[in-house]
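Heads up, the thing below is written out as structure tokens.
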Amino acid sequence: MRMLLIHSDYLEYEVKDKALKNPEPISEEQKKGRLDEVLAVFISVEKVDESNPDEVVEKAVKEIKDVAEQVKAERVFVYPFAHLSSELAKPDVALKVLQKIEEKLKEEGFEVKRAPFGYYKAFKLSCKGHPLAELSRTVVPSGEEVS
Ligand SMILES: NCC(=O)N[C@H]1[C@@H](O)[C@H](n2cnc3c(N)ncnc32)O[C@@H]1CO
């Protein structure tokens, strides 16, 4: 899994078109979303993660929590982003992984939004620009190597 973490004044998105034949069903309300004072986490779930999705969820949540504590962010935006890897996991595995990351971050006490899966979306992002505002992390199941 590849993650790009951007500490932001805000992230807002608007769903445009379907990017998959069967995107995640969403309500009218989910077609637009915004969070202020947020750690935006753009995530590409990778094929290597399919060998142990639950473990990669645990590792990702640990990394996100660690960065959020460092930058003092109480909100996290989980954003599916198929552009950080050339070896993507299948959509059904990727969606489940992203849903579990959202759920675990909420259990940790964060306010969390997750952008809809399987769509092209317009988005606006305001990066804060401090030294820890732009970070990347890679997590893989144990025993797998990072390519
Ligand atoms: N920016 C627009 C977009 O990325 N759209 C992506 C994601 O929302 C989602 N998606 C599909 N596979 C994956 C994956 N392995 N990891 C993350 N998202 C995925 O499906 C869309 C088409 O790939």
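Start at 1 and go down the list; that is how both ligands and their atoms are numbered. Note that these values count all heavy atoms, side chains included, but never hydrogens, waters or copies made by symmetry. Note that this is a predicted model, so its numbers are computed, not measured.
- Of the possible donor and acceptor atoms, none in the side chain of Lys16 sits under 3.5 Å from a partner among the backbone N and O of Tyr119.
- Of the protein's heavy atoms, Ala94 CB, 3.6 Å lies nearest to atom 14 (C) of ligand 1.
- Listed by number with element, the atoms of ligand 1 under 4.0 Å from a non-hydrogen atom of His83 are 1 (N), 2 (C), 3 (C), 4 (O).
- Summary of contacts: the protein heavy atom closest to atom 20 (O) of ligand 1 is Gly118 CA, 3.4 Å.
- Using a 4.0 Å cut-off between charged nitrogen and carboxylate oxygen, Glu102 and Lys113 do not count as a salt-bridge pair.
- A salt bridge is absent between Arg2 and Glu87: the closest approach of a Lys/Arg side-chain nitrogen to an acidic carboxylate oxygen does not fall below 4.0 angstrom.
- Below 4.0 Å from some heavy atom of Pro80 lie the following atoms of ligand 1, by number and element: 4 (O), 8 (O), 18 (N).
- Checked against a 3.5 angstrom limit, the closest N/O atoms of Ala19 and ligand 1 fall outside it.
- Atoms of ligand 1 found under 4.0 Å from any heavy atom of Leu88, numbered from 1 in the order shown, are 15 (N).
- Between Asp49 and Lys47 there is no salt bridge, since no side-chain N of the basic residue sits under 4.0 Å from a carboxylate O of the acidic one.
- For Lys90 and Glu50, the salt-bridge test passes: some basic side-chain N is under 4.0 Å from an acidic carboxylate O.
- Looking at Pro91 next to ligand 1, no N or O pair under 3.5 Å apart turns up.
- Closest heavy-atom approach to atom 15 (N) of ligand 1 among the candidates Val45, Leu95, Asp49: Val45.
- Ranking protein heavy atoms by distance to atom 17 (C) of ligand 1, first place goes to Ile43 O, 3.4 Å.
- The Ala89 neighbourhood of ligand 1 comprises atoms 15 (N), with distances under 4.0 Å to a heavy atom of that residue.
- Salt bridge Glu55/Lys59: present, at least one basic N to carboxylate O contact under 4.0 Å.
- Judged by the 6.0 Å and 45° rule, Arg34 forms a cation-pi pair with Tyr10.
- Of the heavy atoms in Ala82, both backbone and side-chain atoms come closer than 4.0 Å to ligand 1.
- The proximity of Leu20 to ligand 1, defined as any non-hydrogen pair under 4.0 Å, is limited to the side chain.
- Of the N or O atoms in Leu98, none lie within a sub-3.5 Å distance of an N or O in ligand 1.
- Exactly one of Tyr79, Phe77, Tyr13 qualifies for a ring pair (Phe, Tyr, Trp, His ring centres under 6.0 Å) with Phe123. That residue is Tyr79.
- Polar contact check, Tyr120 against ligand 1: no nitrogen or oxygen pair lies under 3.5 Å apart.
- More than 12 heavy atoms of other residues, nucleotides or ligands sit less than 6.0 Å from atom CD of Glu107.
- Residues Glu28 and Lys31 are paired through a salt bridge, judged by an N-O separation under 4.0 Å between the basic side chain and the carboxylate.
- Nearest protein heavy-atom neighbour of atom 12 (N) of ligand 1: Phe117 CZ, 3.9 Å.
- Using a 4.0 Å cut-off between heavy atoms, Tyr119 contacts ligand 1 through its backbone alone, with no side-chain atom that close.
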